[in-house]
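One structure is given below, encoded as structure tokens.
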2 protein chains.
Amino acid sequence: MGPAVGPAKQVAGEPHAVDRLATLLAEDLTAVDAIIHDYMTSPVGVIPNLAAHLIDAGGKRIRPLITLASARLLGGGGDGPRKLAAAVEFIHSATLLHDDVVDLSSMRRGKKAANVVWGNSASVLVGDFLFARSFNLMVETGDIQVLDILARAASVIAEGEVMQLAAANDADTTRERYMEIVVAKTAALFAAAAKAGAVAAGRAGPEASALETYGRELGLAFQLVDDALDYGGLSATMGKNAGDDFREGKVTLPVIFARDAGDESERGFWRRAMGGERTDDDFYRAQALLKRHNAISRTLDAARTHATAANEALKLLPANAYRDALADLPTFVVERGF
Amino acid sequence: MGPAVGPAKQVAGEPHAVDRLATLLAEDLTAVDAIIHDYMTSPVGVIPNLAAHLIDAGGKRIRPLITLASARLLGGGGDGPRKLAAAVEFIHSATLLHDDVVDLSSMRRGKKAANVVWGNSASVLVGDFLFARSFNLMVETGDIQVLDILARAASVIAEGEVMQLAAANDADTTRERYMEIVVAKTAALFAAAAKAGAVAAGRAGPEASALETYGRELGLAFQLVDDALDYGGLSATMGKNAGDDFREGKVTLPVIFARDAGDESERGFWRRAMGGERTDDDFYRAQALLKRHNAISRTLDAARTHATAANEALKLLPANAYRDALADLPTFVVERGF
């Protein structure tokens, strides 16, 4: 799963796109946070404690904001979109908890990962709880179409995660296979979050499809930038999680570009490094090879293409403040990589 | 979660209660198995392979049989109950996969557990997939009431699992706390399986409540017997998983009975053994103490009380072959302990 949105490069004093969206939807977002906290309550103390550790750690709520904006953009009112937005955040949170167990992660959102504090078992089971709660929330909307959208997304996400697991340490992973994984593990939830908002507003037709496309393309841009940032981005200053993908043997697009452009000896390096054991020195060699073949800028170019497609899709929708705010997100997401 | 139903003590040549139910519902059960295999299909090979390893390993399908029988008993026809029955089995299967990761189990249904063959990560993620697929199936029935029942059960199960995790190695676990765990981790799905069948048959009123009670009481009996069998049952011949609860520091009803009836030195043993490290010799001492205090027969007596309550609840329902078959299950479940 894509991690939370990190800090953007931005003009001093200008709020970034996610903050602008959050300001526009401030009342909704407060209500969504109340629903989230209400639904993660349990007499079993580990559950709210572990869930709050993750959920209150400063995630940007980008997915629920997309659901809310999609619904409001199309005139959808009432409590339904708020419950859906909370459900979307729960699905995302459950996936993060399970991801961190699978990846043996030690950090998440700048804090110790929940699996480090409470153990893998608790993370697995509280993830299950949050996932179930997301369905409780969807059921409360009484909207079977929306349940269909998010339940399908949940299957696809799990498939993507298994695909990624199976591809780990496979140095020969193709670009096509990589994109298949990204569509499933990351873009599917962005797409469903946007589409569900439209359907909750009673607009299941072309508007829902346009928003689905917007979400999918935005999600793809998001993940590609994330993968570039894992090697330090263009500036190659190291973010807090940089190197995770390399350490875990995940063959992402920057690696694929560098590998395919490399000579025999470089391909040998990638085969050994991605397929087997990796040292810290290997990571610096990998960064150097990415630089030699412009692999980071090529990845960011690919992300920009998806960001443009996201904005294209929005043109089919009525122009209003919500559409404008959604239109700022793709650029923001791509700018993170610089 | 409760494991699959084991072999019953039975009169030679007489089919046992689950087999009789399976025979009565043979056509439905074949259809349910086809749905299960259809919905566990995925182009990601690990998913069907891992899922089949568990699902085709000879589980008795007791929960889906309860859903089917509940629906048919009330005249519910068509494909809906079959999809629901498959959904119930998926929820159960997902829970088993995650349980085995949490408990570090090495065996399941007489085979290596999936986590041993494919690793913990694959078991977590394929569990997530099956859980999501259960919701896809429920959505296909288009019945929001049924979704509500099973989504609530899923939350309660996860809560029960976390509760059990938190109580592990707590030698002072009370009988009340133990029953709370069992109601949540095991009985909730039996109850939901039965109630969902009734609701799918369009009988959401008193019949659904009666079947919910039947399921809950049957589930309680089932788990209590299972806990007795984990110490060898009354005959103290060791089943294949005997000793697991002791090894995992799970304070179950037999232990609670023996501990509370024991003298100071015995309570000291339980405190040390359940609270800390345990040896094989400790297990034999535990068995001896259970015997001294009739803890196994007292546990089976408690199970029998729940089995009787299950049968009582059935009396509110129309008498027919399905009701008769359901009425045989509680006795069968309790007889496993002898």
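- The parts of Val126(A) that come within reach of chain B are both its backbone and its side chain, each placing non-hydrogen atoms under 4.5 angstrom from that chain.
- Note on Leu130(B), Val101(B), Leu147(B): by heavy-atom pairs under 4.5 Å with chain A, the leading option is Leu147(B).
- Of the candidates Val44(B), Val124(B), Val46(B), Leu125(B), Leu125(B) is the only one forming a side chain to side chain contact (heavy atoms under 4.5 Å, CB included) with Leu165(A).
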Considering distance alone, list the donor-acceptor pairs between chain B and chain A shorter than 3.5 Å.
unit_1	atom_1	unit_2	atom_2	d
Ser42(B)	OG	Glu159(A)	OE2	2.6
His98(B)	ND1	Asp128(A)	OD1	3.1
His98(B)	ND1	Asp128(A)	OD2	2.7
Asp128(B)	OD1	His98(A)	ND1	3.1
Asp128(B)	OD2	His98(A)	ND1	2.7
Asn136(B)	OD1	Ser155(A)	OG	2.5
Asn136(B)	ND2	Ala151(A)	O	3.1
Ala151(B)	O	Asn136(A)	ND2	3.1
Ser155(B)	OG	Asn136(A)	OD1	2.5
Glu159(B)	OE2	Ser42(A)	OG	2.6

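- Taking Ala158(B), Ala132(B), Gly142(B) one by one and counting their heavy-atom pairs under 4.5 Å with chain A, the maximum is reached by Ala132(B).
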